[in-house]
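For reference, the structure discussed in these notes is given below.
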Amino acid sequence: RKTKGFVIMSSFQKSLLSSTEKGMYGERNNVTTKIGINWSIFLGAASAFALFGYDTGVVSTAMIWAKRDLGLSGVQYEISVAGTTGVAGFAALLARRTNADVGRRGTVLLASIAFTIGALLVCTCANNAKYGFAQLLFGRIIIGIGCGLSTTTVPIYVAELAPSDLRGTLVSLEILFIVLGQTVAGALNALLASLNLSYWRLSMGLAAFPAICLGLIFYFLLPESPRWLIAKRGNIQAATHALKMTRQNDIENELQCIIQDAQSRQKDMPLSCALWFGPDSSAGLRRSMALGIAIMMLQQLAAINTIMYYSTIILIRVGFSEMSAAWLTCACAGMQGLGIAFCVFFQLPDRYGRRPILLISCGIVTITLLAFALTFNTSPTAAVLFLFLYLFAFGLGLAPLPYTLNSEFYPMKCRSACMAQATATNWETNFIVSLTFITLLNSIGGFASFLVYALCTAVGACLIYFAVPETKNLVLEDVARNFDTDYASTRRRLSSNLSQEKAVDDEVSPLLFPSSDR
């Protein structure tokens with residue numbers, strides 16, 4: 001932060017910067033230290049998504065126990081689950097304002113406070129249907145605020161801080177942390193179920209401790225976004241330090257591009273109709289916003305959080321016992337995590353591009369959803385097999401890449417507003433899908449329900465094929481600028497990066513896989 005013309009950093013950040021500069025300009029054996037700094041920053045940032053993942057994973061089984069203990073009705077149960085997602089959408093819109101005023105780190109600190117308060121309210125609620133439900137719902141609403149703030153802010157933060165040739169992989173890393181949180185929650189619930197202990201207060205209240213750690217780590221140890229520092233504070237020195245902490249190459253060209261982009265705008269665009277129809281709007285901006293919103297809606301209409309929220313109920317309907325369903329729920333999170341880990345480890349978005357991976361993911365998801373629908377009432381073993389394949393394929397592309405593309409599409413002057421708008425759409429679509437699933441399942445059955453989701457995914461795949469451009473290896477300012485040109489030429493120009501960078505793609509990234517001769 002800037003005080004009386006001076007940049008103040010913690011001693012930890014100074015030590016990181018010192019090691020970084022040695023790694024860039026000193027002997028080769030110091031490069032390993034810089035690689036560690038790179039990963040510590042991005043792993044710390046991605047950990048914010050683990051809390052969102054834990055909340056997603058814990059409700060699948062814990063809310064069944066809470067329903068029994070508190071005597072909740074079916075409607076109260078659905079509202080308790082979906083309430084978090086509904087509020088998260090509005091909190092995502094609020095994140096635009098907090099991102100502008102207190103920065104990316106400050107917004108995540110607010111999210112960690114909301115996570116902590118919400119978890120404590122849930123685990124201490126009264127043991128009756130009237131007051132217990134009210135406190136449970138209020139706690140879930142507070143958690144929703146944390147989810148909305150963090151899921152809007154962290155992808156922007158990572159995209160603005162990451163090197164362009166690793167941006168897709170590093171934004172995808174956040175989604176891997178969602179699944180890690182879901183897996184931990186599922187394993188804890190399964191362990192409690194195997195011991196005949198329905199301690200839902202314990203499993204839901206444990207989220208308070210990592211939330212506190214998240215706030216401390218993110219705010220006091222990680223650097224602020226260099227683009228926010230220049231655009232909102234004019235602090236070029238601190239922005240240079242932040243870039244050096246995550247780069248091996250020369251940062252001058254990128255720094256000048258950021259400065260020029262900040263100088264070309266006078267103020268942030270408001271989060272209103274002005275984004276679409278105001279004097280500062282453009283055809284390119286409207287095109288990027290429409291695509292970003294559509295991709296976010298597709299992620300939820302592909303039924304992922306329907307399965308993650310209600311996987312225990314779904315598996316019981318398929319034919320498994322409650323304890324078996326609890327363990328399989330944990331395995332479900334693990335399979336999605338395996339797909340995301342495969343995407344991150346092999347750097348698929350940065351090696352082969354966003355479009356091909358997203359299209360492959362959509363195709364396999366559509367096929368496996370159809371197969372799951374066909375076997376829902378006939379073969380439990382086959383149904384679980386197709387469910388696992390679906391989750392792996394979803395983790396491969398549909399889980400991480402909607403956030404990746406949305407963090408890349410928009411210009412700096414309205415990036416927070418557009419990302420907030422897209423994330424809010426994601427959460428509200430999540431809210432509608434999760435609120436209606438049980439009713440849909442009871443009304444038309446498992447086959448018809450998942451057939452609807454498969455058709456939605458197929459339509460989304462067509463949209464991606466015909467409308468979504470490639471953003472691989474472009475700096476953020478170029479991605480947004482290219483949307484302002486004719487769409488056909490934009491698609492050709494952005495997609496041409498795949499062939500132009502083929503030789504580079506065959507090389508392993510030095511940040512992810514260091515070798516002794518670098």
Side-chain angles (χ1 to χ4, degrees), residues 38-58 84-85 87-89 91-96 98-99 102-119 142-162 167 169-185 206-225 228 242 246 296 299 305 308 333 336-337 340 344 399-400 402-404 406-407 415-416 419-420 422-424 426-427 430:
N38 185 305
W39 275 105
S40 69
I41 292 171
F42 293 110
L43 288 173
S47 64
F49 269 46
L51 282 171
F52 163 46
Y54 186 89
D55 176 73
T56 304
V58 78
T84 297
T85 61
V87 172
L93 299 177
L94 174 65
R96 183 263 169 184
T98 60
N99 269 286
V102 300
R104 315 321 190 201
R105 293 188 307 168
T107 301
V108 175
L109 178 63
L110 294 174
S112 69
I113 293 172
F115 277 123
T116 304
I117 295 173
I142 300 299
I143 291 173
I145 295 174
C147 288
L149 293 176
S150 62
T151 53
T152 300
T153 305
V154 177
I156 297 175
Y157 174 81
V158 172
E160 291 179 345
L161 199 61
R167 190 172 58 240
T169 298
L170 291 172
V171 176
S172 299
L173 183 66
E174 305 163 10
I175 314 302
L176 178 60
F177 270 71
I178 292 179
V179 180
L180 289 177
Q182 291 172 338
T183 304
V184 170
L206 280 177
F209 176 72
I212 296 172
C213 296
L214 166 68
L216 295 175
I217 291 173
F218 210 104
Y219 192 75
F220 293 105
L221 300 184
L222 300 186
E224 183 55 89
S225 161
W228 183 85
T246 58
M296 285 296 208
Q299 186 189 60
N305 280 322
M308 298 313 298
Q336 187 187 355
I340 300 173
V344 171
Y403 282 99
T404 301
N406 270 278
S407 68
R415 184 172 297 139
S416 294
M419 188 67 185
T423 307
N426 182 283
W427 278 110
N430 184 352

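With sequence neighbours excluded, no residue forms a ring pair (Phe, Tyr, Trp, His ring centres under 6.0 Å) with Y54. In this structure, the side-chain hydrogen bond (donor to acceptor under 3.5 Å, both in side chains) partners of E160, at least two apart in sequence or on a different chain, are R104, S225, R415. For T98, the side-chain hydrogen bond (donor to acceptor under 3.5 Å, both in side chains) partners at least two apart in sequence or on another chain are T107. With sequence neighbours left out, N406 forms a side-chain hydrogen bond (donor to acceptor under 3.5 Å, both in side chains) with Y410. With sequence neighbours left out, the ring pair (Phe, Tyr, Trp, His ring centres under 6.0 Å) criterion links F115 to no other residue.
Between V108 and Y157 the shortest side-chain heavy-atom distance does not fall below 4.5 Å. Side-chain contact between I217 and S47 is absent, with no heavy atoms from C-beta onward closer than 4.5 Å. Contact annotation: the side chain of E174 never approaches that of F42 to less than 4.5 Å [non-hydrogen atoms, C-beta and beyond]. In this structure the side chain of P223 reaches within 4.5 angstrom of the side chain of I41, judged on heavy atoms. Using a 4.5 Å heavy-atom cutoff, the side chains of V171 and P400 are not in contact. Looking at Q182 and F52, their side chains never come closer than 4.5 Å, going by heavy atoms from C-beta outward. At a threshold of 4.5 Å between non-hydrogen side-chain atoms, the residues V184 and L180 do not count as touching.
Minimum interatomic distance between G44 and L214 (heavy atoms only, all atoms of both residues): O-CD1, 4.4 Å. The two residues G337 and L176 have their closest heavy-atom pair at O-CD1, 3.5 Å. Of all non-hydrogen atoms in W228 and V102, the two that sit nearest each other are CZ2-C, 3.9 Å. Across all non-hydrogen atoms, the minimal contact from Q299 to P402 is NE2-CG, 3.9 Å. Nearest heavy-atom pair across G89 and A424 is O-CB, 3.1 Å. Contact record, T116 with A208: OG1-O, 3.8 Å, taken as the closest heavy-atom pair.
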Assess whether side-chain contact (heavy atoms from CB on, under 4.5 Å) is satisfied between L110 and I145, documenting all intermediate values. CA-CA 9 Å; L110 294 174; I145 295 174; over 6 Å; no
Kindly indicate, with the supporting measurements, whether the criterion side-chain contact (heavy atoms from CB on, under 4.5 Å) is fulfilled by L109 and S112. CA-CA 5 Å; L109 178 63; S112 69; 3.9 Å; yes
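Distance check: D55 CG to I143 CD1 gives 5.0 Å after rounding to the nearest 0.5 Å. Here I178 contributes atom CD1 and I340 contributes atom CD1; the two are 7.0 Å apart, rounded to the nearest 0.5 Å.
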Can I get a per-line list of side-chain donor-acceptor pairs under 3.5 Å for residues 147-155, giving both atom names and the distance, sequence neighbours left out?
{"unit_1": "S150", "atom_1": "OG", "unit_2": "G146", "atom_2": "O", "d": "2.9"}
{"unit_1": "S150", "atom_1": "OG", "unit_2": "C147", "atom_2": "O", "d": "3.2"}
{"unit_1": "T151", "atom_1": "OG1", "unit_2": "C147", "atom_2": "O", "d": "2.6"}
{"unit_1": "T151", "atom_1": "OG1", "unit_2": "W427", "atom_2": "NE1", "d": "2.9"}
{"unit_1": "T152", "atom_1": "OG1", "unit_2": "G148", "atom_2": "O", "d": "2.9"}
{"unit_1": "T153", "atom_1": "OG1", "unit_2": "N99", "atom_2": "ND2", "d": "3.1"}
{"unit_1": "T153", "atom_1": "OG1", "unit_2": "L149", "atom_2": "O", "d": "2.7"}

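When atom types are taken as modelled, the side chain of T423 and the backbone of A420 share no donor-acceptor pair closer than 3.5 angstrom.
At least one test fails for R105 against the ring of F218: distance under 6.0 Å to the centre or angle within 45° of the axis.
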